[in-house]
Amino acid sequence: MKIGFFGAGKMAEGILSAIEDKKGVVMAEKVAERAADLTRKYGVATTADVKEVAKKAKFVFLAVRPQDVDAVAAEVKPLLTAKHTIVSIVAGKTLAKLKKAFGAKVNLVRVMPNLALRANAGMCAICPAAKTPAKDVKLVEKILGGAGATVVLKEKDFDAVTALSGSGPAYFAYMEEAMVEGGVKLGLKPAVARLLAEQTMFGTAKFLRESGMALRPFIEGVCTKGGTTAAGMEKMDVPEFKKIVAATLAAAAKRSKELA
């Protein structure tokens, strides 16, 4: 199956990198330098015209800015058929909005990715429209699974997904920033403090994912009674900390709902 892209930014490139057969890919990109770079790196075909993508590919990723969706839809809508499947990674565009923009004939899949997709370590929530063929949903899972992890959910869960994994990279980076600043105050050089904090976050996440260990026993296992971790956790393990995290997610989910 030929795969197309409306848009060829960094998130689209993250998806592209996970596609095994890139020779069958065609991407719409108006900036000539960017288009040439993608062709050079991945061997994909590029065009400045989104209509060419709609003509050549029946399975298309929509990877443009939210404000550009209607303009793209207006150009390609006359070319779309019941054989087309559009996979949207555009924030805030519900299936209902996508159906209104691209028409009732096309099959639709809505995806909420996060920034880590660009490092092939993304988290993507997937929600297909009711009539979208199961084989197309499986293809979305396969492609995005090559760029991280996936989960199929109801669209009603997407505000929570946006708050937790969509916005989550900023929260983890903020925590890392706080740890780096704390390390610097203890006398470490900024670059060393960042390396220590970043590798610790990465390694912990990797261990928890691969081991499947429950979080609380893991925490308790690291916190040897009377040890250094326990001394530090006395400052962090307070109700206020988790209340702040919950309030942060709630605020992001509320905004996500408003934007939708």
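Considering only heavy atoms from C-beta on, Cys127 stays 4.5 Å or farther from Leu153 through its side chain. Counting only heavy atoms from C-beta outward, the side chains of Val69 and Val64 approach each other to under 4.5 Å. In this structure, the side chains of Ile219 and Asp237 stay at 4.5 Å or more apart for every pair of heavy atoms. With a 4.5 Å cut-off on side-chain heavy atoms, Lys105 and Leu80 do not count as touching. With a 4.5 Å cut-off on side-chain heavy atoms, Met27 and Arg34 do not count as touching. A heavy-atom distance below 4.5 Å is found between the side chains of Leu79 and Lys51. When side chains are defined from C-beta on, Val53 counts as touching Val60, because their heavy atoms get closer than 4.5 Å. A 4.5 Å side-chain heavy-atom check between Phe5 and Val44 finds every atom pair outside the cut-off.
Two different hydrophobic clusters hold Met112 and Leu108 under the rule that ILVMFWY side chains link at heavy-atom gaps under 4.5 Å. The same ILVMFWY cluster, assembled from side-chain heavy atoms under 4.5 Å apart, contains both Val25 and Leu117. Connection of Ile3 to Leu38 is established within a shared hydrophobic cluster, with ILVMFWY side chains joined at heavy-atom distances below 4.5 Å, either directly or through further cluster members. Ile86 and Phe59 sit in two unconnected hydrophobic clusters of ILVMFWY residues. Membership requires side-chain heavy atoms under 4.5 Å apart, directly or through other members. Val109 is connected to Ile15 through a chain of hydrophobic side-chain contacts under 4.5 Å among Ile, Leu, Val, Met, Phe, Trp and Tyr, so both are in one cluster.
Counting non-hydrogen atoms of neighbouring residues, nucleotides and ligands closer than 6.0 angstrom, the CD atom of Gln67 exceeds 12 such neighbours. Counting non-hydrogen atoms of neighbouring residues, nucleotides and ligands closer than 6.0 angstrom, the NZ atom of Lys99 reaches no more than 12 such neighbours. Within 6.0 Å of the CZ atom in Arg194, the count of heavy atoms belonging to other residues, nucleotides or ligands does not exceed 12. Atom CD of Glu258 has more than 12 heavy atoms from other residues, nucleotides or ligands within 6.0 Å.
The backbone N or O of Val50 sits nowhere less than 3.5 Å from a side-chain atom of Glu75 that would complete a donor-acceptor pair. Ser88 places no side-chain N or O within 3.5 Å of a backbone atom of Arg110 that could act as its donor or acceptor partner. At distances below 3.5 Å, at least one donor-acceptor pair connects side-chain atoms of Asn107 with backbone N or O atoms of Ala82.
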List the atom pairs, with distances to 0.1 Å, where a side-chain N or O of residues 160-184 and a protein N or O form a donor-acceptor pair under 3.5 Å, not counting sequence neighbours.
{"unit_1": "Thr162", "atom_1": "OG1", "unit_2": "Phe158", "atom_2": "O", "d": "2.8"}
{"unit_1": "Ser165", "atom_1": "OG", "unit_2": "Val161", "atom_2": "O", "d": "3.2"}
{"unit_1": "Ser167", "atom_1": "OG", "unit_2": "Thr162", "atom_2": "O", "d": "3.1"}

Check residues 136-151 and write down every donor-acceptor pair under 3.5 Å in which the side-chain atom is one partner and the other belongs to a residue at least two apart or another chain.
{"unit_1": "Asp136", "atom_1": "OD2", "unit_2": "Thr85", "atom_2": "OG1", "d": "2.5"}

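Glu198 contributes atom CD, which lies 10.5 Å from atom CG of Leu196 (distance to the nearest 0.5 angstrom). Atom CG of Asp37 sits about 10.0 Å away from atom CD of Glu29, to the nearest 0.5 Å. Atom CG in Leu259 sits 10.5 Å away from atom NZ in Lys93 (nearest 0.5 Å). Considering CE of Met233 and CE of Met236, their distance stands at 6.5 Å, rounded to 0.5 Å. Annotation: the span from Lys56 atom NZ to Thr47 atom OG1 amounts to 6.5 Å, rounded to 0.5 Å.
Between Pro113 and Met11, the shortest heavy-atom contact is CG-CE, 3.6 Å. Nearest approach of Gly4 to Ala57, heavy atoms of both residues: N-CB, 3.5 Å. Across all non-hydrogen atoms, the minimal contact from Ala230 to Gly226 is CB-N, 4.3 Å. Minimum interatomic distance between Ile19 and Lys22 (heavy atoms only, all atoms of both residues): O-NZ, 2.6 Å. Taking both residues in full, the closest heavy atoms of Ala73 and Ala101 are given as CB-O, 3.3 Å, listed atom of the first, atom of the second, then distance. Contact between Ser17 and Gly14 at its shortest, heavy atoms only, is OG-O, 2.7 Å.
For Lys154 and Asp157, the salt-bridge test fails: no basic side-chain N is under 4.0 Å from an acidic carboxylate O. Classification of Glu52 and Lys55 as a salt-bridged pair holds, one side-chain N sitting under 4.0 Å from a carboxylate O.
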Give the C-alpha distance, both sets of side-chain angles, the deciding distance and a yes or no for side-chain contact (heavy atoms from CB on, under 4.5 Å) between Val111 and Phe61. CA-CA 10 Å; Val111 175; Phe61 283 94; 5.8 Å; no
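Side-chain contact of Asp159 with Ser256: a donor-acceptor pair under 3.5 Å is present, judged by distance alone.
Residues forming a ring-ring contact (aromatic ring centres under 6.0 Å, His included) with Tyr42 (at least two apart in sequence, or on another chain): none.
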